[in-house]
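Read the structure below first, then the notes.
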Amino acid sequence: MTPLTFFSLSIGSLQSALDQPIFPGKILIWALLMLSIISWVKILSKGLQMARLKRSDKAFSERLRQSRSTLELFEEGWRDDESPRFLIYLAGARETAFQLLGSRNPVDDMQNRVQSAGLLPAGKAPILDRAFESGLRQALMKLTSGVGGLRFIGAAALFLGLIGSVWTMMSGFDQLEAGASLGPVRGASLGFVFIALGVATPAFLSRIAFSVVIERVEFETAKFKEDLNRLFERKFIDFEMQE
């Protein structure tokens with residue numbers, strides 16, 4: 001079968017599906033069209049979100065390297081909730097400030113007050129570690145949000161396409177006259193399959209692509225969390241002092 005022949009048959013099958021009665025034919029096609037729109041909105045919005053996360057992480061990392069003290073960004077109220085790395089930093093900084101000063105919010109003359117408070121005992125290290133873990137969970141939730149919906153859209157599209165295909169075949173056989181050709185029935189049935197695949201394929205492929213990117217970002221984010229946790233421990237924990 002040549003590509004031109006396959007294309008002609010596909011167009012014919014799609015037209016046959018579109019010629020089906022309002023119920024269930026056109027209703028199923030309308031539902032598939034809505035799923036396609038939702039799918040592309042999710043794909044584009046997730047792509048834009050990942051681009052914003054990358055820019056925000058880069059801006060935050062550069063600002064953190066320029067800071068003169070570990071809690072400087074927290075003290076000045078620097079904020080960027082689009083950055084997963086910032087969420088990790090904020091969780092650890094708030095808990096550190098609470099353990100040192102009794103407040104999870106920035107206070108006046110914070111740098112001098114932190115220096116006056118001294119170091120925390122070694123028993124506080126697990127508390128800081130749990131705070132950073134909490135920030136990491138928030139960051140990972142932001143990274144993975146919306147991806148699961150693409151799998152649902154793909155599965156729903158295939159399910160609706162299967163229903164349309166089976167329903168068309170059953171209805172066509174019931175109405176088929178003796179000696180009539182099965183071509184139109186098969187064509188209409190395949191039309192629903194083509195439409196469903198056209199909706200499901202972008203959803204499934206984009207989910208795979210996003211998962212690959214997210215896996216790499218998750219690894220980098222987890223490594224950043226470990227490095228930041230060790231930095232806070234060196235700055236604020238005295239492992240020779242016990243509670």
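Note: hydrogens, waters and symmetry copies are ignored here, and every other heavy atom, side chains too, is used.
- The pair Asp227-Arg230 meets the salt-bridge criterion, with a side-chain N (NZ, NE, NH1 or NH2) lying under 4.0 Å from an Asp/Glu carboxylate O.
- Annotation: side chain of Val217 is in contact with side chain of Val213 (closest heavy-atom distance under 4.5 Å).
- Side-chain contact between Glu233 and Asn229 is present, with heavy atoms from C-beta onward closer than 4.5 Å.
- Nearest heavy-atom pair, Ala31 versus Leu160, reported as atom, atom and distance to 0.1 Å: CB-CD1, 3.9 Å.
- The same ILVMFWY cluster, assembled from side-chain heavy atoms under 4.5 Å apart, contains both Val107 and Val114.
- Considering only heavy atoms from C-beta on, Met50 stays 4.5 Å or farther from Lys54 through its side chain.
- Distance check, rounded to the nearest 0.5 Å: CG of Asp57 to CD of Glu62 gives 11.0 Å.
- Residue Ile43 holds its CD1 atom at 12.0 Å from CG of Leu48, rounded to the nearest 0.5 Å.
- Side-chain atoms of Ser36 never come within 3.5 Å of backbone atoms of Leu32 as a donor-acceptor pair (strictly under, hydrogens ignored).
- To the nearest 0.5 angstrom, Leu100 atom CG is 6.5 Å from Phe236 atom CZ.
- Gly161 and Ala196 get closest at one heavy-atom pair: CA-CB, 3.6 Å.
- Atom CH2 of Trp78 has more than 12 neighbouring heavy atoms from other residues, nucleotides or ligands inside a 6.0 Å radius.
- Interatomic distance, CG of Leu150 versus CH2 of Trp40, reported as 10.5 Å (0.5 Å rounding).
- Taking the side chain as every heavy atom from C-beta outward, Leu158 and Leu197 approach each other to under 4.5 Å.
- Considering only heavy atoms from C-beta on, Lys42 stays 4.5 Å or farther from Lys46 through its side chain.
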List the steps and the verdict of side-chain contact (heavy atoms from CB on, under 4.5 Å) for Ile163 and Leu28.
CA-CA 8 Å; Ile163 290 177; Leu28 288 176; 4.1 Å; yes
Return a table of donor-acceptor pairs under 3.5 angstrom between the side chains of residues 84-95 and protein atoms on other chains or two or more places apart.
from	atom 1	to	atom 2	distance (Å)
Arg85	NH1	Ser61	OG	3.0
Tyr89	OH	Thr70	O	2.8
Tyr89	OH	Phe74	N	3.2
Arg94	NE	Arg104	O	3.3
Glu95	OE1	Arg104	NH2	3.0
Glu95	OE2	Gln99	NE2	2.7

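- Across all non-hydrogen atoms, the minimal contact from Ala157 to Leu35 is N-CD1, 3.9 Å.
- We find the CD1-OG distance between Ile38 and Ser45 to be 11.5 Å, quoted to the nearest 0.5 Å.
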Report, one line per pair, each donor and acceptor closer than 3.5 Å where one atom sits in a side chain of residues 133-147; sequence neighbours left out.
from	atom 1	to	atom 2	distance (Å)
Glu133	OE2	Lys225	NZ	2.7
Lys142	NZ	Asp81	O	3.3
Thr144	OG1	Leu140	O	2.9
Ser145	OG	Lys142	O	3.1

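- There is a path of hydrophobic side-chain contacts, each under 4.5 Å, that joins Val199 to Phe159.
- Note that CD1 of Ile29 and CD1 of Ile195 are 4.5 Å apart. Values are rounded to the nearest 0.5 Å.
- Between Glu76 and Arg63 there is a salt bridge, with a side-chain nitrogen of the basic residue lying less than 4.0 Å from a carboxylate oxygen of the acidic one.
- Between Phe232 and Leu71, the closest side-chain pair of non-hydrogen atoms falls below 4.5 Å.
- With Thr201 contributing its side chain and Gly198 its backbone, the two residues share no donor-acceptor pair below 3.5 Å.
- Using a distance-only test at 3.5 Å, with no hydrogens or angles considered, no donor-acceptor pair links the side chain of Ser83 to the main chain of Asp80.
- Within the structure, every pair that satisfies the side-chain hydrogen bond (donor to acceptor under 3.5 Å, both in side chains) test and touches residues 111-121, not counting sequence neighbours, is listed here: Asp109-Asn112.
- The side-chain heavy atoms of Ile237 and Leu119, taken from C-beta on, include no pair separated by under 4.5 Å.
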